[in-house]
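Note sheet for the following structure.
Every heavy atom of this structure was used, including side-chain atoms; hydrogens, water molecules and symmetry mates were not.
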Amino acid sequence: MIFPADVAVSPDGSVAIADWGLAEVILVDPGGEWQGAVMTRGEGPGEVQAPAAVTWVDANTLLVLDLGAFRMTTLDLASRSASVTAVDPAFLSPVVRSGQVTFVALHPDRTVWLEFPGPIEDGWEERPFVRWSPGRAVNDTVMRSRARVIEGVTLPAWPRSLLGVGAETWVVSEPDGRYELTVSDRDGTSLVRFCHTGEALPLSSAERGEDTGEDTDSEMPDAWRRAVRELEEPREPAIISRIVVDADGRIWVQRDRPSPGAGDTHGAPGAMYDVFLQSGHFLGSIRLPDDQRLLEARGSRVWTLHAGSFDEFSVVALEIEGF
């Protein structure tokens, strides 16, 4: 694969993979057998140009968000018939023009969530999280996040609000870095707010702008390192850096921060995650294997993104014992 942007798991365990780089949507059966591409590059109703997100509407139907064509495609797998829903270009264009898809989520009801680029002032960027669906007359800003940036790239060590979106709920963290999460239903009604104990990891050498040769995940240009060194360090580094709501509605909270410049769309490699039920009940902590990033989970199975030594990508299914 070139760049798997998203993975969705059906109730029977079938896996759909949206590969942004290949411009394909690939299907894997519950037993892990490769079924091949069900959507390929093109401009027709059943084709894609830049698939950024995928979800299951039901056991036989996929919904795919195509940023390249400004549309969503509903694909019936039994008949391979497809229908297309246009997405408001005014909603997608700011993200497409920025060249950075930092957060995208897709609901089975055809609601799309994006993190928009915003104005930058004194090294801080306003990042609204916005959702859109065909039935909405206007875009709905669900929250705003103030991010510390260099040249538009987020510095994860500085606390800010984070968002995780699942099929039935969405989760928001506090902007000041407290380990406090609010769970809301799809209509935005708050269901529960809960806290968890935990201390932030110390700043890494890359987060301090140092180059020791140990931060292999960092791709910071020298100018960025100098800029980071000139910044005043955050008073309290971010305790968490990513929120994922899995196919069962469980909440995965990433503790490790990605290195500046590494790209954090899929989180830090080999990260530690705290896992909660929707109620806020703490299930435990899980560390992923080295070089693997969390994509999705259902039951005891976790799907991760693995980057090889030649920048080739694989999607890996892991089983977690006793989980």
State plainly whether one hydrophobic cluster holds both [X] and [Y], where clusters connect Ile, Leu, Val, Met, Phe, Trp and Tyr through side-chain heavy atoms under 4.5 angstrom apart.
| X | Y | value |
| --- | --- | --- |
| Val48 | Leu27 | yes |
| Leu67 | Val104 | yes |
| Val87 | Val84 | no |
| Phe70 | Leu63 | yes |
| Val245 | Val253 | yes |

Is Glu115 paired with Arg160 through a side-chain N to carboxylate O contact shorter than 4.0 Å?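 Here Arg160 pairs with Glu115 in a salt bridge, since their nearest N and O are under 4.0 Å apart.
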Could you tell me whether Arg186 and Glu168 make a salt bridge, using a distance below 4.0 angstrom between a side-chain N and a carboxylate O?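 Salt bridge: yes.
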One pair to check against side-chain hydrogen bond (donor to acceptor under 3.5 Å, both in side chains): Asp274 and Ser285. What are the steps and the verdict? CA-CA 4 Å; Asp274 297 332; Ser285 297; 2.6 Å; yes
Can you find a pair of side-chain heavy atoms, one from [X] and one from [Y], that are under 4.5 Å apart?
| X | Y | value |
| --- | --- | --- |
| Trp124 | Trp158 | yes |
| Thr304 | Arg293 | no |
| Trp303 | Ile17 | no |
| Pro234 | Leu203 | yes |
| Arg193 | Glu180 | yes |
| Val183 | Phe194 | yes |
| Val153 | Trp224 | yes |
| Trp34 | Ile26 | yes |

List, by chain and then residue number, the residues other than Phe129 in its hydrophobic cluster (Ile/Leu/Val/Met/Phe/Trp/Tyr, side-chain heavy atoms under 4.5 Å); write none if there are no others.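 Besides Phe129, the hydrophobic cluster comprises Phe103, Trp113, Val142, Met143, Leu163, Val165, Trp170, Val172, listed by chain and residue number.
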Donor-acceptor pair, [X] side chain versus [Y] backbone, under 3.5 Å?
| X | Y | value |
| --- | --- | --- |
| Asp290 | Gly270 | no |
| Gln292 | Leu288 | no |
| Thr141 | Val130 | no |
| Asp176 | Pro159 | no |
| Asp66 | Gln49 | yes |
| Glu174 | Leu181 | no |
| Glu207 | Ser204 | yes |
| Arg257 | Leu201 | yes |
| Asp187 | Thr189 | no |

Which atom of [X] lies closest to which atom of [Y], heavy atoms considered:
| X | Y | value |
| --- | --- | --- |
| Gly267 | Gln254 | CA-OE1, 3.4 Å |
| Ser10 | Trp56 | N-NE1, 3.3 Å |
| Pro156 | Ala238 | O-CB, 3.4 Å |
| Ala206 | Val228 | O-CG1, 4.2 Å |
| Ala297 | Arg250 | CB-NH2, 3.9 Å |
| Ala82 | Thr73 | CB-CG2, 3.9 Å |

Apply side chain to side chain contact (heavy atoms under 4.5 Å, CB included) to the pair Ser173 and Ile240, showing each step before the final yes or no. CA-CA 9 Å; Ser173 67; Ile240 65 176; 3.8 Å; yes
Give, for atom [atom1] of [X] and atom [atom2] of [Y], the distance between the pair rounded to the nearest 0.5 Å.
| X | Y | atom1 | atom2 | answer |
| --- | --- | --- | --- | --- |
| Arg225 | Ile150 | CZ | CD1 | 11.0 Å |
| Leu77 | Met39 | CG | CE | 10.0 Å |
| Ser300 | Glu321 | OG | CD | 9.5 Å |
| Arg255 | Tyr273 | CZ | OH | 12.5 Å |
| Thr55 | Asp6 | OG1 | CG | 8.0 Å |
| Leu65 | Met72 | CG | CE | 7.0 Å |

Pair Val315, Val7 - check side chain to side chain contact (heavy atoms under 4.5 Å, CB included), show working. CA-CA 9 Å; Val315 174; Val7 163; 4.3 Å; yes
Atom CD of Glu319: over 12 foreign heavy atoms under 6.0 Å: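 Atom CD in Glu319 is packed in, count exceeds 12.
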Using a cut-off of 6.0 Å, state whether more than 12 heavy atoms not belonging to Glu312 lie near its atom CD.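 Yes, CD of Glu312 has more than 12 neighbouring heavy atoms, counting only those of other groups under 6.0 Å.
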Can you name the ring-ring contact (aromatic ring centres under 6.0 Å, His included) partners of Phe313, sequence neighbours left out?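 Per chain and number, Phe313 pairs via ring-ring contact (aromatic ring centres under 6.0 Å, His included) with Phe3.
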Hey, mind stepping through Thr111 and Asp109 against side-chain hydrogen bond (donor to acceptor under 3.5 Å, both in side chains) and telling me if it holds? CA-CA 6 Å; Thr111 299; Asp109 67 358; 2.9 Å; yes
Does a donor on one side chain sit under 3.5 Å from an acceptor on the other, for [X] and [Y]?
| X | Y | answer |
| --- | --- | --- |
| Ser133 | Arg110 | no |
| Asp88 | Trp132 | no |
| Thr169 | Asp185 | no |

Those residues at least two apart in sequence (or on a different chain) that pass side-chain hydrogen bond (donor to acceptor under 3.5 Å, both in side chains) with Asp122 are none
Check whether the ring centres of Phe276 and His196 lie less than 6.0 Å apart, and answer yes or no. yes
Could you walk me through whether Val95 and Phe116 pass the side chain to side chain contact (heavy atoms under 4.5 Å, CB included) test, one step at a time? CA-CA 6 Å; Val95 176; Phe116 274 26; 3.8 Å; yes
Going through the checks in order, is the salt bridge (Lys or Arg N to Asp or Glu O under 4.0 Å) test met by Glu126 and Arg144? CA-CA 7 Å; Glu126 294 292 334; Arg144 294 182 182 274; 5.7 Å; no
Could you go through Thr74 and Leu62, starting from their C-alpha distance and side-chain angles, then the distance that decides it, and tell me whether this counts as side chain to side chain contact (heavy atoms under 4.5 Å, CB included)? CA-CA 6 Å; Thr74 303; Leu62 285 174; over 6 Å; no
Salt bridge (Lys or Arg N to Asp or Glu O under 4.0 Å) assessment of Glu125 paired with Arg146: CA-CA 6 Å; Glu125 181 178 5; Arg146 193 165 180 257; over 6 Å; no
